[in-house]
Amino acid sequence: MANEVNASDEKTQQSESTDIMRSTQSVIKEALEKLGYSEEVFELLKEPLRMMTVRIPVRMDDGKVQVFTGYRAQHNDAVGPTKGGVRFHPDVTYDEVQALSLWMSLKAGIVDLPYGGGKGGVVCEPRNMSFRELEGLSRGYVRAISQIVGPSKDIPAPDVFTNSQIMAWMMDEYSLMREFDSPGFITGKPVVLGGSFGRESATAKGVTIVIREAAKKRGLDLKGARVIVQGFGNAGSFLSKFLHDAGAKIVAISDVNGALYDKNGLDIDYLLDRRDSFGSVTNLFENTISNKEMLELDCDILVPAAIQNQITADNAHNIRADIVVEAANGPTTLEATRILTERGILLVPDVLASCGGVTVSYFEWVQNNQGYYWTEEEVSDKLEKMLVKAFDNVYNTSQSRQVNMRLAAYMVGVRKMAEAARFRGWV
């Protein structure tokens, strides 16, 4: 019975990943058509140029060898080396890694970085693995993909359930193989190993900047604005703190166990102190509501910062926010995007809202290449300028082309790749 359930779950995960890939491709196709590019360009950009599947043997603490499956996708390197995170998660699939590499290309294009998109993942349950087992898996993954990665080829970074320690192990393994120190091979490292100040909170800080700019467009003062944040993990918790400190009223937050709501605003500092390492805190309270109920509460700004497909055609008509900002990957379906836009809700898409992480990763790579390191204030100032410029570019494209913000972001994001491929003579 357990095997049947696992097989069913696997099919569901694969189906969701395939849906994400198809929906991403459909918007890229529409964006290219709006920009006047030929079908040939879409054929080049609709899938990664390279996709590597690897098998990673790791000797576990019980003495047995377990073999893990890993992936690395390189979407397009016409602009420059590919860039993207590595996730350790039981739900990692081939299609998901492909789709996420496309999104990374778009993010790089939106912020005007000299990168194409990359993505990696290993199918595992890191929460059940020891420190030693995780180190063995991290080093094994790097050995398996070593032929296609490097500071000028493809630069990994942290993602779901990976962190600065895992990046440090990966960098060390790559340096041992290449027989020279290679800090620029990977980003998201500890500062003492060449990491950048501000990297850990970069995604949330970027979302905060984008929320502030979106609020300005709607004439909304962030101070006193009622905000709902779905998800209280790394991005959601940092984001709640940044918005709280900016004067916003966080009226609801949620995690996997449920949601907390207080129309007068939650005590974010108290909740941050009480949450566990996986971002769970609602299990400590009795008067909780469901995630579904929370999404439909009245607020000024709704921030889905958890998982995909949270706002769909089934609940899009019930969303009572003036602005929706996607801090998670793919939380709103294409049909829901259409419904929200028709209702006059300003939807800021994931490929724009979550650009902060890859932007500060780029800063880290630049600092590694220069051997000259910036202060946290310098990093913050540079991030601010780049994301404000990116938001304005997407917003103005949306207004001038009379398209929704998602399509506008894809148009901005895909243009640089398409032009680079054309100049190279690929299409």
Side-chain angles (χ1 to χ4, degrees), residues 5-21 24 48 51-58 60 66-73 75 83-104 117-131 133-142 144-145 156-167 169-170 186-188 200 203 230-237 255-257 276-280 291 304-310 326-331 350 354 357-358 361:
V5 172
N6 291 340
S8 175
D9 289 346
E10 192 173 321
K11 285 182 181 177
T12 301
Q13 292 154 12
Q14 191 68 45
S15 175
E16 288 177 351
S17 300
T18 302
D19 288 344
I20 292 173
M21 185 68 174
T24 302
M51 183 73 187
M52 192 177 206
T53 301
V54 296
R55 300 285 279 160
I56 310 157
V58 178
M60 309 301 279
Q66 185 171 340
V67 182
F68 296 89
T69 299
Y71 305 105
R72 188 68 190 176
H75 174 240
K83 179 88 185 73
V86 179
R87 55 181 52 186
F88 285 1
H89 198 280
D91 296 341
V92 166
T93 67
Y94 185 94
D95 280 353
E96 177 194 51
V97 172
Q98 285 198 94
L100 293 173
S101 74
L102 267 68
W103 284 354
M104 287 305 302
K119 206 70 179 185
V122 178
V123 185
C124 66
E125 180 44 275
R127 292 168 289 190
N128 296 338
M129 296 172 70
S130 71
F131 214 56
E133 290 169 341
L134 281 172
E135 180 177 357
L137 181 60
S138 301
R139 292 179 181 276
Y141 178 73
V142 169
I145 66 168
D159 204 280
V160 178
F161 291 152
T162 56
N163 55 26
S164 59
Q165 175 59 78
I166 288 172
M167 299 303 105
W169 286 327
M170 289 185 177
I186 204 163
T187 60
E200 188 180 5
T203 299
Q230 184 197 32
F232 210 56
N234 184 56
S237 60
D255 56 34
V256 292
N257 300 307
D276 65 22
S277 59
F278 297 111
S280 295
N291 263 274
I307 55 177
Q308 63 204 35
N309 296 336
Q310 294 301 291
E326 297 181 331
N329 286 327
D350 45 13
S354 59
V358 69
S361 273

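Numbering starts at 1 and runs along the sequence shown. Side chains included, hydrogens not; waters and symmetry mates left out as well; all remaining heavy atoms used. Everything quoted here is computed from the prediction, not taken from an experiment.
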How close do [X] and [Y] get, heavy atom to heavy atom, and via which atoms?
X	Y	value
N329	L100	ND2-CD2, 3.8 Å
V123	F68	O-CD2, 3.5 Å
G231	A306	CA-CB, 4.1 Å
F161	P126	CB-CG, 3.7 Å
I186	P156	CG1-O, 3.3 Å
S138	M170	O-CG, 3.7 Å

Which residues share a side-chain contact (heavy atoms from CB on, under 4.5 Å) with [X], sequence neighbours left out:
X	answer
S361	K83, A157, T187, R199
E133	M60, D61, M129, S130
P48	M21, A73, Q98, S101, L102
M104	K107, K119, V358

Any heavy-atom pair between the side chains of T69 and T53 that's under 4.5 Å?
yes
With a 4.5 Å limit on heavy-atom distance, are the side chains of R72 and V54 in contact?
no
Which of parallel (below 30°), tilted (30 to 60°) and perpendicular (above 60°) describes W169 and F131?
perpendicular
Interatomic distance, CE@M52 vs CD1@I145, rounded to 0.5 Å, equals 8.0 Å
Value rounded to 0.5 Å, distance of CG in L134 from CZ in R139
12.5 Å
Among all residues two or more places apart in sequence or in another chain, which pass the salt bridge (charged side-chain N to carboxylate O under 4.0 Å, His left out) test with R87?
E96, D159
When you look at T93 and Y71, which way does the side chain to side chain contact (heavy atoms under 4.5 Å, CB included) test go after all the steps?
CA-CA 8 Å; T93 67; Y71 305 105; 5.7 Å; no
Give a yes or no answer on whether the side chain of Y141 reaches the backbone of G136 with a donor-acceptor pair at less than 3.5 Å.
no
Indicate yes or no for a side-chain donor-acceptor contact from E326 to the backbone of D350 under 3.5 Å, with no hydrogens or angles considered.
yes
What do you reckon, is CD of E200 surrounded by more than 12 foreign heavy atoms closer than 6.0 Å?
no
Please name all residues satisfying ring pair (Phe, Tyr, Trp, His ring centres under 6.0 Å) with F88, sequence neighbours left out, ordered by chain then number.
none
Go through the steps to decide whether V92 and V97 satisfy the test side chain to side chain contact (heavy atoms under 4.5 Å, CB included), and finish with yes or no.
CA-CA 7 Å; V92 166; V97 172; 3.9 Å; yes
